[in-house]
Colleague: 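Below is the structure I would like to discuss, written out as structure tokens.
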Amino acid sequence: MQKNGSLSKKETTTQVVKKGLLHKETVEKETGNVIIPRKDFEELINKVHAAAAMKNDYVRIKNLEPWKENEKLKKGKRIVS
């Protein structure tokens with residue numbers, strides 16, 4: 001992803017405003033939207049998906065009760081002598 005938005009652009013709208021009977025003025029206003037290249041957008045989406053997966057894993061591990069999991073594993077394990 002590009003630092004400091006070097007390749008990003010801010011979206012603008014152009015309006016023609018009347019300034020009297022015969023004079024018109026063109027005014028450009030920023031919409032607040034930022035346009036980024038597709039490559040940067042896809043990279044950002046991949047990072048968001050990775051962060052969501054990490055958060056889900058964290059919640060699962062946080063709610064895990066290790067002693068119960070250990071007991072389940074011990075019961076499921078067959079000891080062959």
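The basis for the numbers below is simple: all heavy atoms, side chains too, and nothing from hydrogens, waters or symmetry mates. Just so you know, these numbers come straight off a predicted model, no measurement behind them. For this chain, numbers begin at 1 and follow the sequence in order.
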Colleague: N63 side chain to V59 main-chain N or O, any donor-acceptor pair under 3.5 Å?
Modeller: yes
Colleague: When rounded to the nearest 0.5 angstrom, what is the spacing between NZ in K47 and CE in M54?
Modeller: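 K47 atom NZ to M54 atom CE measures 12.5 Å (nearest 0.5 Å).
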Colleague: Report the C-alpha distance between K19 and K24 in whole Å, list the side-chain angles of each, state the deciding distance to 0.1 Å, and finish with yes or no for side-chain contact (heavy atoms from CB on, under 4.5 Å).
Modeller: CA-CA 5 Å; K19 290 284 190 179; K24 294 180 184 177; over 6 Å; no
Colleague: Within the structure provided, determine whether K29 and Q15 are in side-chain contact (heavy-atom separation under 4.5 Å).
Modeller: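 Result yes, sub-4.5 Å side-chain heavy-atom pair found.
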Colleague: With a 4.5 Å heavy-atom cut-off, do T12 and T31 have their side chains touching?
Modeller: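 Counting from C-beta outward, T12 and T31 never come under 4.5 Å.
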Colleague: When rounded to the nearest 0.5 angstrom, what distance separates CD1 in I36 from CD in E42?
Modeller: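 The CD1 atom of I36 sits 10.0 Å away from the CD atom of E42.
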Colleague: Between E43 and K39, does any NZ, NE, NH1 or NH2 come within less than 4.0 Å of an OD or OE carboxylate oxygen?
Modeller: no
Colleague: Between atom CD of E30 and atom NZ of K9, what is the distance when rounded to the nearest 0.5 Å?
Modeller: 14.0 Å
Colleague: Taking V34 as the starting point, is it possible to reach I45 by hopping between hydrophobic residues whose side chains are less than 4.5 Å apart?
Modeller: yes
